[in-house]
Amino acid sequence: MIKRLLVANRGEIARRIFATCRAVGVETVAVHSDADAAAPHVAEADHAVHLPGNAPSATYLRGDLLIAAARRCGADAIHPGYGFLSENADFAQAVLDAGLTWIGPSPKAIAVMGSKLEAKALLAEAGLAMLPTYTDPEDVTVFPVMVKASAGGGGRGMRIVRDAESLAEAVASARREAAGAFADGTVFCERYIERSRHVEVQILADAYGNVITLGERECSVQRRHQKIIEEAPSPAVPPNLREELCAAAIAAAEAVGYVGAGTVEFLLAPSGEFYFLEMNTRLQVEHPVTECVVGVDLVRLQLLVAEGGTLPFTGPPPLRGNAIEVRLYAEDPAYAWLPSTGTLHRFEVPGVAHSFGPLATPGLRLDSGVVDGSVVGVHYDPMLAKLVAWGPSRQEAARMLSSALARAQIHGLVTNRDLLVRVLRHPAFLAGDTDTGFLDRHPEVFAPLLSSVDAVRLSCLAAALAGAAGRRAGAAALGSLPSGWRNVPSAPQTVAYDGPTGTLQVAYRLDRSGALASWTVRSVDREDVGLPGTTVDVSTPDEHPPVAIVSADPDRVVLDVSGVRMTYAVHALAGVSYVDSAEGSVTLTEVPRFPRPSAEGLDGSLVAPLPGAVGRVLVVPGQRVSAGDLVLTVEAMKLEHPVHAPAAGVVTDLRVAPGSQVETGTLLVVLTPD
C-alpha cells in the first residue's frame, strides 16, 4: 500500500493528484522551484521539497533531484502528472531502481510509445491504420503535410506545410523547438488531412490482462495544434464508430503490454476513416471530461493499479450525459497568442460545485493551478485552469460553461477567456461542426465579448463613478457631499482610460442631489489628456442612452439604462479598474492628468514582445535585412516567439545576445530603415 506519494510536477495537476490522495488517505509531497515557493500546490501538500532554480532543466526535469526529494521526505511512490518527466522512460526506470512505486506504465511501454515513429511501426503491425509518414523531408512529394516532433506533444514542434518551398525552414524550426522542449530534435512528416477531427480514447489496464476503455473525447478545437476545448463524448462518433475506435485502442494497449492509465489518439477524417496518431502513456490534461461522463476517479484507479489491484470493471462503463472542458490560458489570442505574465489579482468563477474530482451531479468543476495573488512568470506553461461543465445534454453543458466563464472575474492578466466563450456560443460549435481548423475558419470568435460601443461606454462610466465613490469614502472632510458638487454649474468631472478601443475620456455632471445630470464617453488622443481646451461639453448628450444612478459604491455600481437595471462590479487596483458585468469584462487603465516625461525610443527600435530569454540571434551590426526577415527569437513559456524586421534597412545596434533575459519592451535591436 502506498503511504506517502511525491508528485513530480506543479500547478493544477499536482493539486488534482493531492485531492485524490487526501480522499484515500495517502500523504502528499510537493516539489517546487524558486518561482513556485508560494504556489497553491506547495501550500496544500503535507510536505514540500525545494528544487533550487527556476528553469525546468534545473528543477522539474531533474529526475535525480526528484528521487532524492522522495527519499529525503520518506515518500514511497512518485506520480509524474503530465508534461515534464511523465513520459520519460529513464526517469520511470530510475524511480523503480530506487525501490519506489511508479504511478504509470512500464518504462518499456513509455519508451516504445514515447517515439511516435517507433509506435507507428509497432502498431501498424497490430493492424491500426496509419497516415503516410516520411522520415526524410526529401521524400515528400504531396502536400500539405504536418511536420511533427517524434518525442513530443502539446503542439510543440508541429508545423503545417503546404508547399515544397516552405518545408526546409519548417523542418529546421520544428527540430529546434523539439530539441528545446523534449531534448530530442527528431521530426518526421505526415500527410495532413483537411477538416479532420482529433479524437482520443481513454484506456485503463491492470497487471492481470484486463484492458477497458472509458469512451472517447473530442479535442478538435485547437490553437497552434494545442487543444483548448475538449468534450466527451464526441458529437461526431456514433455507437458503431465508438466500438471500432475502442477496439483499436485496446489493440494498441495489448501490443505493448500496457498497464495503467493512457490515451490512444486518432485522426478522424471527414470520410469516417480514422488513423492512429500517438499513444500518451500518462494522465491527459483533459481527463476530467471522462471522469464526469463515466463517474470514476482516474487518479484513484491509477493508484489502485500501481498497488497491484484489479480494475473494478468487467467492461466499459456506460456514458452519462455530456461534459465539456475549456483550458484557460494567460495569453492574448488577439495578439499572436503572446503569453501574459504578472500577478493574478482576482480569480473567481461563479457556480463551481467541485474542484479536482468527479462530480456527483451535473454542474461545474474547476481544476486550477492559481488563486488570488498568484504570480504567473515566463518559466512554465501559461495554463491557469480548466473549467468543466457536465450536463444532461451537450447544449446544456455548453451554455452552463459559457455563462460561468463569461461571468468569471479574472483580473491582472490577459487571457483567452473571451475566445473560449465565443467558441462555446458559436452556432457551428453547438451544431457539432468542429475540426482542427475551426479557429482558422471562424475568425469572428476572436472578437472581445464586450464589443458594443454602448457596453464599453457604460463600463467606463461605472469605473469613473466607482472611483469617485472611493475617493469620497476616504475624504477627510465633507465626505457626505457628492463628488464634484458645486454651488453653480461648472465643468464636468472627467477621467480618461486606456481601454480596449484606445483612450476613452469619461465626462459627467451630477446635480445637487447627486443624480446623474449628463454624461458622455468619447475617444481622444492620449497626448491630449489633461491639456487646456479639452474640456468636454456634456450639456447636450449625443447618442448616449439615458442613464440614472441607482447606487455607486467603490466596488459596485448599479445603473438604470433606458429603464433596464444593470450591475457593474468594479475592482480598482493601482490605477487599473477591472469592470465585470453581465455583458462582459473590460480592463481600464487610468491615464494620468499630468504624466511624467519619458524618454523617446530610438527610431527603428525593435523591442521584446514579452518577458523571456533571447534564443537565436540571426543578425549582426551592419547587416542589411528585408521586411519580414527573422531578426531573433525570444523563448518564453516553452515556445519560440519570432521578432521580424518591420521594414527593409540596416542593423545599426544590437543590444542582446543569446541567453539574455529581457522584459516586455526591452530594446533588442535598432534598425535604420531604407
Side-chain angles (χ1 to χ4, degrees), residues 116-117 120 130-182 184-196 198 220 222-226 267 269-270 275 277-278 333 335-338 435-443 446 606 609 614-620 622-635 638-651 658 668-669 671 673-674:
K116 291 186 178 69
L117 289 172
K120 280 174 172 285
M130 302 288 163
L131 290 166
T133 303
Y134 312 91
T135 56
D136 185 351
E138 297 293 330
D139 294 336
V140 179
T141 58
V142 178
F143 293 87
V145 295
M146 175 79 81
V147 181
K148 289 186 172 182
S150 178
R156 296 176 181 86
M158 296 179 68
R159 307 284 190 277
I160 297 176
V161 182
R162 299 188 179 278
D163 54 66
E165 292 73 21
S166 308
L167 184 58
E169 172 56 29
V171 168
S173 176
R175 282 175 176 159
R176 287 191 301 270
E177 192 167 282
F182 314 114
D184 184 346
T186 304
V187 301
F188 62 95
C189 299
E190 186 178 80
R191 190 180 114 205
Y192 179 72
I193 298 179
E194 305 281 1
R195 302 297 295 265
S196 59
H198 188 128
S220 297
Q222 304 175 1
R223 64 101 173 96
R224 287 181 175 171
H225 316 298
Q226 189 171 44
L267 190 75
Y275 305 90
L277 288 177
E278 61 179 314
Y335 190 56
W337 301 97
L338 286 182
D435 58 68
T436 55
F438 183 90
L439 295 184
D440 293 332
R441 288 199 319 281
H442 298 288
F446 290 90
L606 277 66
V614 175
R616 294 181 294 144
V617 177
L618 289 81
V619 297
V620 296
Q623 180 176 336
R624 176 170 293 280
V625 296
S626 300
D629 282 356
L630 181 62
V631 175
L632 53 80
T633 62
V634 176
E635 297 174 356
K638 302 182 182 180
L639 294 175
E640 183 182 80
H641 303 273
V643 177
H644 297 278
V650 175
V651 176
L668 305 173
V669 177
L671 178 69
D674 290 339

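In this text, all values refer to a predicted model and were calculated from it rather than measured experimentally.
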(request) Please list, chain by chain and in numerical order, all residues satisfying side-chain hydrogen bond (donor to acceptor under 3.5 Å, both in side chains) with Glu190, sequence neighbours excluded. (result) Lys120, Lys148
(request) Could you tell me whether Glu194 and Arg162 have a side-chain N and a carboxylate O separated by less than 4.0 Å? (result) yes
(message) Quick one: does any side-chain atom of Asp163 pair with a main-chain N or O of Ser166 as donor and acceptor, under 3.5 Å?
(response) yes
(request) Sequence neighbours left out, what passes salt bridge (Lys or Arg N to Asp or Glu O under 4.0 Å) with Arg175? Give chain and number order. (result) none
(message) Quick one: does any side-chain atom of Ser196 pair with a main-chain N or O of Ile193 as donor and acceptor, under 3.5 Å?
(response) yes
(message) Checking Arg624 now: which residues fulfil side-chain contact (heavy atoms from CB on, under 4.5 Å) with it, not counting sequence neighbours?
(response) Val650, Asp674
(request) Answer yes when Arg176 and Glu169 have at least one side-chain N-carboxylate O distance shorter than 4.0 Å, and no when they do not. (result) yes
(message) Which residue in the set Thr436, Val161, Val147 passes side-chain contact (heavy atoms from CB on, under 4.5 Å) when paired with Tyr192?
(response) Thr436
(request) Just jot down the salt bridge (Lys or Arg N to Asp or Glu O under 4.0 Å) partners of Arg195, sequence neighbours excluded, or say none. (result) Asp433, Asp435
(message) List the residues meeting ring-ring contact (aromatic ring centres under 6.0 Å, His included) with Phe188, not counting sequence neighbours, and say none if there are none.
(response) none
(message) Side chains of His198 and Gln222 only: does a donor on one sit below 3.5 Å from an acceptor on the other?
(response) yes
(request) Mind checking side-chain hydrogen bond (donor to acceptor under 3.5 Å, both in side chains) for Thr135 and listing every partner two or more places apart, or none if nothing turns up? (result) none
